[in-house]
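Below: one structure, written as structure tokens.
Everything numeric here is computed off the predicted structure, so don't read it as measured data.
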Amino acid sequence: MIDAMSKRFILVPSILSADFLKLGDAIQECLDAGIDWFQLDVMDGEYVPNISFGIPIVEACRRATEAYLDVHLMINEPERYLAMFADAGADSLTIHVESTRHPHAVLGKIRELGLSSGLALNPGTPLSAIENLMHLADLILVMTVNPGFAGQAFIENSPRKVRQARTMLDQAGLAAHVQVDGGITPQTAKSCYEAGADVFVAASAIFQHPQGIRAGIKAMRDALTLRQA
């Protein structure tokens, strides 16, 4: 399970923006730069208007690294595939509260499989939708863009929702991570960190940085480290 107190912040490259022709090399470059989490965005073309990849890529990433694989399921009825993603090597599975009629049962099943559980909300979904589910989640993902495509612009009022999520967790005595994903750059990460986020998913800011992957990771890490000072 996720140790919510292990680090002040966690930087998570999303391989959605990596060069899949050189995916193993990209993963290794991240590892060499000190990364120990990766996010894998699974999209089905139904829950979100895009198709990305599925179980074979999770398996390939597991063969490439022992790092933590945070699998974000942007798919309808994720309960159909939980065991398969667990077998593929996922360490955590994040579902969208909007994607299933039985999120309580799905989160419980993820934990029964021995994985950490994540619960994601789209920008238009209020936090009240997860109030009775938070105790089953090791991670709350506040989407800072509408899910489906990398490279979107950060939604400017997202830090307010991040702050509300952190307050809800604190008031309930829960130690879950608050993760942000979508348009995360050194600048937007700062505002989300100040609002209470501690896990930062970055795709284009790392894999499409003009000076390369290492420079992208350094820029993100430097921005977040300054916020701790």
Side-chain angles (χ1 to χ4, degrees), residues 1-4 6 10-18 20 23-24 26-27 30-31 35-48 50-100 102-103 105-122 130 133 136-145 147-150 176-182 184 197-204 206-207:
M1 292 293 180
I2 296 171
D3 178 2
S6 61
I10 300 171
L11 179 59
V12 186
S14 167
I15 69 164
L16 189 62
S17 290
F20 274 55
L23 182 55
I27 288 172
C30 289
L31 296 171
I35 292 297
D36 52 16
W37 279 43
F38 292 91
Q39 189 184 72
L40 287 74
D41 290 308
V42 177
M43 307 180 195
D44 63 0
E46 294 182 358
Y47 179 68
V48 293
N50 194 13
I51 296 173
S52 59
F53 51 76
I55 290 165
I57 294 295
V58 178
E59 291 174 335
C61 289
R62 176 49 70 212
R63 290 194 299 271
T65 179
E66 296 181 358
Y68 194 91
L69 299 183
D70 172 28
V71 178
H72 179 193
L73 297 177
M74 288 177 270
I75 63 177
N76 279 329
E77 298 179 7
E79 55 268 31
R80 295 177 293 171
Y81 305 104
L82 302 179
M84 286 183 276
F85 279 107
D87 290 343
D91 291 294
S92 67
L93 295 175
T94 294
I95 66 163
H96 280 254
V97 67
E98 312 92 348
S99 69
T100 176
H102 304 290
V106 177
L107 291 169
K109 179 62 176 177
I110 292 170
R111 286 185 162 186
E112 287 176 11
L113 290 167
L115 307 182
S116 293
S117 58
L119 187 57
L121 299 97
N122 289 336
I130 66 166
L133 298 167
L136 292 172
D138 300 294
L139 177 151
I140 302 298
L141 169 52
V142 177
M143 292 298 300
T144 47
V145 299
F149 294 91
H177 286 290
V178 175
Q179 184 183 71
V180 287
D181 180 8
I184 299 300
D198 63 328
V199 182
F200 302 85
V201 177
S204 301
I206 291 176
F207 291 109

| query | With a 4.5 Å heavy-atom cut-off, do S117 and V106 have their side chains touching? | reply | no
| query | If you round to the nearest 0.5 Å, how far is CG of L82 from CD of E77? | reply | 11.5 Å
| message | Under a 3.5 Å threshold, yes or no: a donor from one side chain and an acceptor from the other, between E98 and Y47? | response | yes
| request: Check side chain to side chain contact (heavy atoms under 4.5 Å, CB included) between D91 and all other residues, then give those that pass, not counting sequence neighbours. | output: R62, Y68, L69
| request: Look only at the side chain of D44 and the backbone of N76, and say whether a donor-acceptor pair between them is shorter than 3.5 Å. | output: yes
| task | I would like to know whether L16 and S52 meet side-chain contact (heavy atoms from CB on, under 4.5 Å); could you show each step before the answer? | result | CA-CA 8 Å; L16 189 62; S52 59; 3.9 Å; yes
| message | Could you tell me if the side chain of I35 sits less than 4.5 Å from the side chain of I27, heavy atoms only? | response | no
| So do I110 and I95 actually touch side chain to side chain, heavy atoms under 4.5 Å? | yes
| query | Are F207 and S14 close enough, and set up right, to give a side-chain contact (heavy atoms from CB on, under 4.5 Å), and what steps lead you there? | reply | CA-CA 9 Å; F207 291 109; S14 167; 5.6 Å; no
| request: Check whether any side-chain heavy atom of L119 lies under 4.5 Å from a side-chain heavy atom of L136, and answer yes or no. | output: no
| Does any N or O in the side chain of D36 come within less than 3.5 Å of the main-chain N or O of A67, such that one atom is a donor and the other an acceptor? | no
| Is there side-chain contact between I57 and I15, with at least one heavy-atom pair below 4.5 Å? | yes
| task | Working to the nearest 0.5 Å, report the span between CD of Q179 and CG of D70. | result | 5.0 Å
| message | Within the 4.5 Å heavy-atom criterion, are F53 and V42 side-chain neighbours or not? | response | yes
| request: Carefully, step by step, assess R111 and D138 under the rule side-chain contact (heavy atoms from CB on, under 4.5 Å). | output: CA-CA 10 Å; R111 286 185 162 186; D138 300 294; 3.1 Å; yes
| message | Counting C-beta onward and ignoring hydrogens, is there a side-chain heavy-atom pair between W37 and L11 closer than 4.5 Å? | response | no
| field | Pair C61-F38, side-chain contact (heavy atoms from CB on, under 4.5 Å): steps then yes or no | value | CA-CA 9 Å; C61 289; F38 292 91; over 6 Å; no
| With respect to D181, which candidate in V145, D41, V199 satisfies the side chain to side chain contact (heavy atoms under 4.5 Å, CB included) definition? | D41
| request: For the residue pair L73 and Y81, establish whether any side-chain heavy-atom pair is separated by less than 4.5 Å. | output: no
| field | Residues which pass ring-ring contact (aromatic ring centres under 6.0 Å, His included) with H72, listed by chain and number, not counting sequence neighbours | value | H96
| Atom CZ of F200 and atom CD of Q39: how far apart are they, to the nearest 0.5 Å? | 13.5 Å
